[in-house]
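See below for the structure under consideration.
The first residue in the sequence is number 1, and the count goes up from there. Source: prediction; values computed, not measured.
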Amino acid sequence: MSREIILATLSAGGADNVFGCVTDPQSGLVERAFKGEPTVKGGHGTVGSDLIVACHSTKPLINVWTWSKDQVYSRLPCPGQVSALQCSHDGVYCVAGISEKLYVWQFPVGNLLAVLSGHYQVINVLRFVDDSSLFLSGGDDNLVLVWQTASVVSAAARGRPPHPLHVWSSHSLPVTDIHCGFGGMRARVITSSLDQTCKIWELSSGQLLCSIMFDSGITSITTDAAEFRLFAGTLSGDVKQINFYEQPSLPNSTVQDASRYGPLIFNGHRQQVSSLAVSLDGSFLVSGSSDATVRVWHIGSQQCLKVLKQRGPVAGVSLLLRPQSLAGQLSPGTCVIQPLKRTVHAVDVGSQSWGSELGVNGTVPVRLTSLDDVEYEVGRKHDHGQQKLSNLTRQEEDEQDIREQMEKLKRTNGQLYQFVVQQLARKTCSKPNEEGL
């Protein structure tokens, strides 16, 4: 039994009432088939080690499954049709792309924390970095936006419109996939597009490091854990491998013809590649395609080890560590999932109600012990202090103005007094002289 499993999800057009299945990559045996409605590309994710979430392909719904059962565990109505879905790695936040807006929910209590605007067309893909401090969104408007999770939550709580950290507009056609490396804020990000390019970015500065051009539109990308190799799925069904250590290292460099560095080609799919995943040890690659197959490849030889036939077009594939609850019962710590709210929740960090909102595995998803809440609380107190300081400064300025006006009035009054005294003195001096005459 392998330590990793393949989670393959299906898109519309396949068998009815089938969401996806779990397969052992070594034996090829299906361990569990999940019942439910199909999803869309980039429309599924996992919450902790207990839950699977996926958006409905045609209805404004998010379905939730547990690893221990094949039936839908919960159905969550949404404000609109979800085109992309992603959950943070700590299981606290769930981000959904609905039309051109991003909805950020606190999971699983269902509080709507923010509604983000920044895209101009439908959002296709969402990704969190490994420490969940940032998330990225890409859409049909050719844009990739980088958002700070803590800033989004804290700004929305204070009634301020959140703004993206970076806006990348180098692609000329819709963005199809985003891959985030390891390292949090210091990670490197790879974006792909139908404009036949993959672009490598430095996340901290937002600088474009390299652009790789292919001979076909790119639909999915991934790298191995060491980030030595790039795998790019194309519209034609091929998967192309590019070795990073053979690429030029100059900033803003462009690889005009990727074939000069290989590329090594995994040829077998008959239609476009919808999703890619690499094993933790970097020995094999898993690809899902619209031709209703999932293929397991040996990376060293580019040979296909297994062909796993599915019951419909594949929307996404993931290689995950085997959950303990896959063969057991529902974890005792899994709590009831609350409906998703449609109005922005007013976050009060000091409220006692946060202590009763348990997250996945019985943990408290939002407390002052988390970095997000500490940053929010520090920002809130800083703003409060700045407001007090501003009020105090304004009061001091007003008092100084009053003092200056009083001094000016005193000088004017003194001048008037001197003028009156001089006039009276002149009149007094002139009267004796007139009497003497």
Side-chain angles (χ1 to χ4, degrees), residues 6 8-11 13 40-43 84 124-125 127 138-140 142 144 170-180 189-201 210-224 227-244 246-247 254-279 282 284-310 312-319:
I6 300 175
T9 61
L10 305 182
S11 61
V40 298
K41 181 181 183 297
N124 295 327
V125 58
R127 291 289 183 269
D140 283 344
N142 316 336
V144 177
S170 296
H171 286 295
S172 58
L173 287 176
V175 177
T176 56
D177 203 358
I178 300 173
H179 175 77
C180 300
V189 174
I190 307 173
T191 60
S192 66
S193 171
L194 295 179
D195 61 5
Q196 303 182 4
T197 65
C198 289
K199 298 184 183 295
I200 305 175
W201 307 83
C210 182
S211 180
I212 304 175
M213 299 185 67
F214 295 86
D215 57 0
S216 179
I218 306 301
T219 55
S220 59
I221 52 173
T222 191
T223 67
D224 56 5
E227 300 181 24
F228 282 168
R229 302 177 180 89
L230 167 67
F231 302 94
T234 64
L235 287 171
S236 60
D238 294 334
V239 179
K240 300 186 178 182
Q241 174 184 330
I242 301 294
N243 297 325
F244 282 148
E246 296 179 354
Q247 304 303 322
T254 300
V255 180
Q256 297 290 348
D257 185 8
S259 61
R260 60 180 292 192
Y261 299 97
L264 303 174
I265 299 178
F266 301 81
N267 191 350
H269 289 295
R270 300 187 305 273
Q271 298 183 30
Q272 71 175 23
V273 179
S274 56
S275 184
L276 295 169
V278 179
S279 61
F284 63 90
L285 169 74
V286 177
S287 61
S289 172
S290 299
D291 62 4
T293 62
V294 172
R295 290 178 177 261
V296 181
W297 308 85
H298 183 258
I299 294 178
S301 61
Q302 293 82 50
Q303 296 297 316
C304 182
L305 302 178
K306 289 182 177 61
V307 179
L308 310 176
K309 295 184 178 181
Q310 306 297 314
V314 178
V317 293
S318 301
L319 271 171

Could you state the interatomic distance from [atom1] ([X]) to [atom2] ([Y]), rounded to the nearest 0.5 Å?
X    : Y    : atom1 : atom2 : answer
R295 : L305 : CZ    : CG    : 11.0 Å
Q303 : F266 : CD    : CZ    : 9.5 Å
T9   : Q310 : OG1   : CD    : 9.5 Å
F214 : L235 : CZ    : CG    : 12.5 Å
K199 : C210 : NZ    : SG    : 9.0 Å

Practice prompt. Please step through side chain to side chain contact (heavy atoms under 4.5 Å, CB included) for the pair V175 and N124, ending with a clear verdict.
Written response: CA-CA 7 Å; V175 177; N124 295 327; 5.5 Å; no
Worksheet item: Is the shortest heavy-atom distance from the side chain of P174 to the side chain of N142 under 4.5 Å?
Response: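 In short, these two side chains touch, coming nearer than 4.5 Å.
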Discussion item. Any heavy-atom pair between the side chains of I200 and L230 that's under 4.5 Å?
Written reply: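 No, every pair of side-chain atoms sits at 4.5 Å or beyond.
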Shortest non-hydrogen contact from [X] toward [Y]:
X    : Y    : result
T222 : A277 : CG2-N, 4.2 Å
L276 : S287 : CD2-CB, 3.4 Å
G217 : Q196 : N-CG, 3.6 Å
S220 : S192 : N-OG, 4.5 Å
C198 : I218 : SG-CG2, 4.0 Å
I212 : F244 : CD1-CE2, 4.5 Å

Fill in: side chain to side chain contact (heavy atoms under 4.5 Å, CB included) between Q241 and F231, intermediate numbers included
CA-CA 5 Å; Q241 174 184 330; F231 302 94; 3.5 Å; yes
Worksheet item: Going through the checks in order, is the side chain to side chain donor-acceptor pair (under 3.5 Å) test met by S274 and S290?
Response: CA-CA 7 Å; S274 56; S290 299; 5.2 Å; no
Discussion item. R127: which residues meet the salt bridge (Lys or Arg N to Asp or Glu O under 4.0 Å) condition with it, sequence neighbours left out?
Written reply: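 Result, salt bridge (Lys or Arg N to Asp or Glu O under 4.0 Å) vs R127: D177.
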Item to complete: Tell me, please, which residues at least two apart from D140 pass salt bridge (Lys or Arg N to Asp or Glu O under 4.0 Å).
Response: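 By the salt bridge (Lys or Arg N to Asp or Glu O under 4.0 Å) rule, D140 matches no residue at all.
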Is a side-chain N or O of [X] found less than 3.5 angstrom from the main chain of [Y], in a donor-acceptor match?
X    : Y    : value
S275 : V317 : yes
Q302 : I299 : yes
T223 : R229 : no
D195 : S172 : yes

Practice prompt. Decide side chain to side chain contact (heavy atoms under 4.5 Å, CB included) for T293 and H269; before the verdict, give the C-alpha distance in whole Å, the side-chain angles of both, and the deciding distance to 0.1 Å.
Written response: CA-CA 8 Å; T293 62; H269 289 295; 3.3 Å; yes
Fill in: Contacts of S236 that satisfy side-chain contact (heavy atoms from CB on, under 4.5 Å) - sequence neighbours left out
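With sequence neighbours excluded, S236 shows a side-chain contact (heavy atoms from CB on, under 4.5 Å) to S216, T234, D238, given in chain and number order.
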Practice prompt. Evaluate the side chain to side chain contact (heavy atoms under 4.5 Å, CB included) criterion for residues L308 and V286: first the C-alpha distance (whole Å), next the side-chain angles of each, then the deciding distance (0.1 Å), finally the verdict.
Written response: CA-CA 10 Å; L308 310 176; V286 177; over 6 Å; no
